[in-house]
Amino acid sequence: MQDPLSRRTFLRSVAAAAGGAAAGHALASADELGGVAQPSGQGQAAADGGGGQVVISSANGLQATAKAMELLEDGQDPLDAVIAGVNIVELDPTDHSVGYGGLPNEDGIVELDSCVMHGPTHNAGAVAALRNIKTPSRVARLVMERTDHVLVVGQGALRFAKAHGFEEEELLTDEARKIWLRWKEARANGDWIAPAQTKPSPSTQSSVGSDMPLHPLGYEFTYGTINCCALDAASNLAGVTTTSGLSYKIPGRVGDSPIIGAGLYVDNEVGAAGSTGRGEAVILNCGSVSVVEMMRNGATPTEACLGLLKRMADHNHDPRLRLKDGTPNFDVKMYAVRKDGLHGAAAIWSGAKYAVSSQGKNRLEECAFLYERPNG
Ligand code: GLY
């Protein structure tokens with residue numbers, strides 16, 4: 001069931017969903033927005049479709065949604081289903097934004113973040129800056145099930161995983177190492193020199209899985225990530241987010257993905273939401289919990305995702321992170337499914353898709369968006 005919204009309806013509902021100052025902004029004129037371009041309003045016709053079991057994911061999650069749906073149809077718990085789904089991507093060396101094969105930190109070491117949340121028990125678990133374990137989502141679930149805590153990080157997370165039988169493995173693939181070396185060689189200090197036949201330049205850095213047009217420092221970075229949320233036949237919800245995080249990050253940097261309320265949130269009475277893209281922006285705007293709260297207040301999933309992204313753009317005051325017209329120079333995507341099966345997703349910039357499995361079809365759907373990309 002398609003749920004296209006008129007532009008007027010979109011603005012009114014974003015205002016209602018976002019509440020307070022953000023609502024005022026959504027309805028303000030371009031001048032009142034202080035030079036920040038208004039949302040194009042062209043992204044509002046997202047694919048909200050209601051009813052039955054639903055699995056949604058980021059665009060790199062088509063295999064994850066298919067697997068999770070298979071398990072839901074088999075009667076399995078929605079958390080087991082989404083974790084099994086994202087495990088496929090965590091173990092895939094060709095996805096450089098998640099798990100094994102993810103791009104490393106600035107020292108060439110892969111550090112993974114993940115969290116899980118289970119609607120029926122309203123419990124969650126998370127790990128951050130976890131090294132040498134291919135499937136951090138499984139460790140996050142163990143934190144939920146086998147500790148009195150929600151978040152365990154770094155060496156403590158690794159020791160906890162090993163105590164539960166996980167084996168340490170090298171996560172940096174040869175391909176990811178080469179991409180990291182090109183990044184190091186392109187840096188200004190000249191200590192690391194590229195092979196003579198290659199001509200590294202900032203604009204040719206990896207864009208695999210990129211969620212950001214261009215980093216303010218001039219390199220393309222990736223924030224990648226997979227989020228996957230499911231609604232089962234009994235209307236129970238669960239979600240997972242897992243990532244290798246920002247490529248070439250400062251060791252120990254933690255993004256939104258393992259933060260409950262930022263990279264993932266589930267309220268079994270309302271819905272589930274998750275994010276990919278620039279984690280710092282998601283953390284600063286309490287992304288996923290805000291989307292769920294907007295849905296609680298009556299927004300559709302698409303409206304809620306757009307409402308949060310509009311708030312994020314309004315809050316983006318740092319000149320390093322703004323294009324000339326005031327719009328963000330990064331991207332964030334929010335994904336949401338409501339308890340009645342309506343689902344939607346939105347990105348700051350046009351052209352994004354998300355994965356959906358429902359009503360017997362596993363496919364990519366268009367994300368709604370705030371702004372049309374300048375070059376298509
Ligand atoms: N959203 C992934 C990250 O920022 O680490």
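- Atoms CG and CG, from N316 and L321 in turn, are 5.5 Å apart once rounded to the nearest 0.5 Å.
- Atom CD of E372 is separated from atom OG1 of T327 by 12.5 Å, given to the nearest 0.5 angstrom.
- Of the possible polar contacts, one joining the S350 side chain to the R373 backbone as a donor-acceptor pair under 3.5 Å is found.
- Without hydrogens or angle criteria, N285 side chain to A281 main chain gives a donor-acceptor distance under 3.5 Å.
- Here the closest non-hydrogen pair linking A352 and A347 is CB-CB, 3.8 Å.
- Using a 4.5 Å heavy-atom cutoff, the side chains of E73 and E70 are not in contact.
- In terms of hydrophobic clustering, with Ile, Leu, Val, Met, Phe, Trp and Tyr side chains grouped at heavy-atom distances under 4.5 Å, L231 and V55 are assigned to different clusters.
- Judged purely by atom type and a 3.5 angstrom limit, D74 has no side-chain atom pairing as donor or acceptor with the backbone of Q76.
- Nearest heavy atom pair, residue S288 against residue S275, reads OG-N, 4.1 Å.
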Exercise for the section: Please lay out, stage by stage, how D267 and R296 fare under the test side-chain contact (heavy atoms from CB on, under 4.5 Å). Expected result: CA-CA 9 Å; D267 185 319; R296 190 194 305 280; 2.7 Å; yes
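- Taking the side chain as every heavy atom from C-beta outward, V292 and M295 approach each other to under 4.5 Å.
- The backbone N or O of T242 sits nowhere less than 3.5 Å from a side-chain atom of S257 that would complete a donor-acceptor pair.
- Exactly one of N123, N268, D77 qualifies for a side chain to side chain donor-acceptor pair (under 3.5 Å) with H118. That residue is D77.
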Atom pairs and distances, donor-acceptor, side-chain atoms in residues 137-144, under 3.5 Å, two or more places apart:
{"residue": "S137", "atom": "OG", "partner": "N87", "partner atom": "ND2", "Å": "3.1"}
{"residue": "S137", "atom": "OG", "partner": "E90", "partner atom": "OE1", "Å": "2.9"}
{"residue": "S137", "atom": "OG", "partner": "E90", "partner atom": "OE2", "Å": "3.2"}
{"residue": "R138", "atom": "NE", "partner": "N87", "partner atom": "OD1", "Å": "2.8"}
{"residue": "R138", "atom": "NH2", "partner": "N87", "partner atom": "OD1", "Å": "3.1"}
{"residue": "R141", "atom": "NH1", "partner": "D80", "partner atom": "OD1", "Å": "2.6"}

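- With hydrogens and angles ignored, the 3.5 Å screen pairs a side-chain donor or acceptor of T65 with a backbone N or O of G61.
- Looking at Y335 and S58, their side chains come closer than 4.5 Å, going by heavy atoms from C-beta outward.
- Salt bridge annotation for E175-K178: absent, with no cationic side-chain nitrogen under 4.0 angstrom from a carboxylate oxygen.
- Hydrophobic clustering, with ILVMFWY side chains joined whenever heavy atoms are under 4.5 angstrom apart, keeps V86 apart from Y265.
- With N227 contributing its side chain and T241 its backbone, the two residues share no donor-acceptor pair below 3.5 Å.
- Atom CD in E106 sits 11.0 Å away from atom NZ in K249 (nearest 0.5 Å).
- In this structure, Q63 contributes its side chain and V89 its backbone to no donor-acceptor pair below 3.5 Å.
- Between the side chain of D107 and the backbone N or O of I109, no donor-acceptor pair lies under 3.5 Å.
- Under the 30°/60° scheme for interplanar angles, the aromatic rings of W192 and W180 are found to stand perpendicular.
- Between the side chain of S244 and the main chain of S97, a donor-acceptor pair closer than 3.5 Å is present.
- Atoms CD and CZ, on Q155 and R131 in that order, are 7.0 Å from each other to the nearest 0.5 Å.
- A salt bridge links R253 to E280: at least one charged side-chain nitrogen sits closer than 4.0 Å to a carboxylate oxygen.
- Rounding to the nearest 0.5 angstrom, the gap separating the CZ atom in R338 from the OG atom in S235 is 12.5 Å.
- Think of L71 as one node in a network of Ile, Leu, Val, Met, Phe, Trp and Tyr side chains linked at under 4.5 Å; it has no links at all.
- A distance of 10.0 Å separates CG in N105 from CD1 in I250, rounded to the nearest 0.5 Å.
- In this structure, the side chains of M117 and H122 come closer than 4.5 Å at one or more pairs of heavy atoms.
- Y371 and W349 have tilted rings, their planes meeting at an angle from 30° to 60° on a 0 to 90° scale.
- Shown here for C228 and V82, the closest heavy-atom pair between the two residues is SG-CG1, 3.7 Å.
- More than 12 non-hydrogen atoms from other residues, nucleotides or ligands lie less than 6.0 angstrom from CD of E168.
- Nearest heavy atom pair, residue G344 against residue Y354, reads CA-OH, 3.4 Å.
- In this structure, the side chains of I226 and T276 stay at 4.5 Å or more apart for every pair of heavy atoms.
- Summarising the geometry of V291 relative to A336, their closest heavy-atom pair is CG1-CB, 3.8 Å, with the distance given to 0.1 Å.
- Between L309 and M312, some side-chain heavy-atom pair lies under the 4.5 Å cut-off.
- Residues L342 and D340 come closest through the heavy atom pair N-OD1, 3.0 Å.
- Looking at N329, its side chain does come within 3.5 Å of a backbone N or O of R320 through a donor-acceptor pair.
- For E169, the CD atom is densely surrounded, since the number of other residues' heavy atoms within 6.0 Å is greater than 12.
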Exercise for the section: Take Y248 and I179 through the test side-chain contact (heavy atoms from CB on, under 4.5 Å) and record every step on the way to the result. Expected result: CA-CA 10 Å; Y248 326 131; I179 296 169; 3.1 Å; yes
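- Looking at D314 and K310, a side-chain N of the basic residue comes within less than 4.0 Å of a carboxylate O on the acidic one, giving a salt bridge.
- Taken together through direct or relayed side-chain contacts under 4.5 Å among Ile, Leu, Val, Met, Phe, Trp and Tyr, I259 and V150 form parts of separate hydrophobic clusters.
- The shortest distance between side-chain heavy atoms of L62 and L364 falls below 4.5 Å.
- By the criterion of side-chain heavy atoms lying less than 4.5 angstrom apart, applied directly or through intervening Ile, Leu, Val, Met, Phe, Trp or Tyr residues, L246 is not grouped with L171; the two fall into different hydrophobic clusters.
- Two different hydrophobic clusters hold L237 and L72 under the rule that ILVMFWY side chains link at heavy-atom gaps under 4.5 Å.
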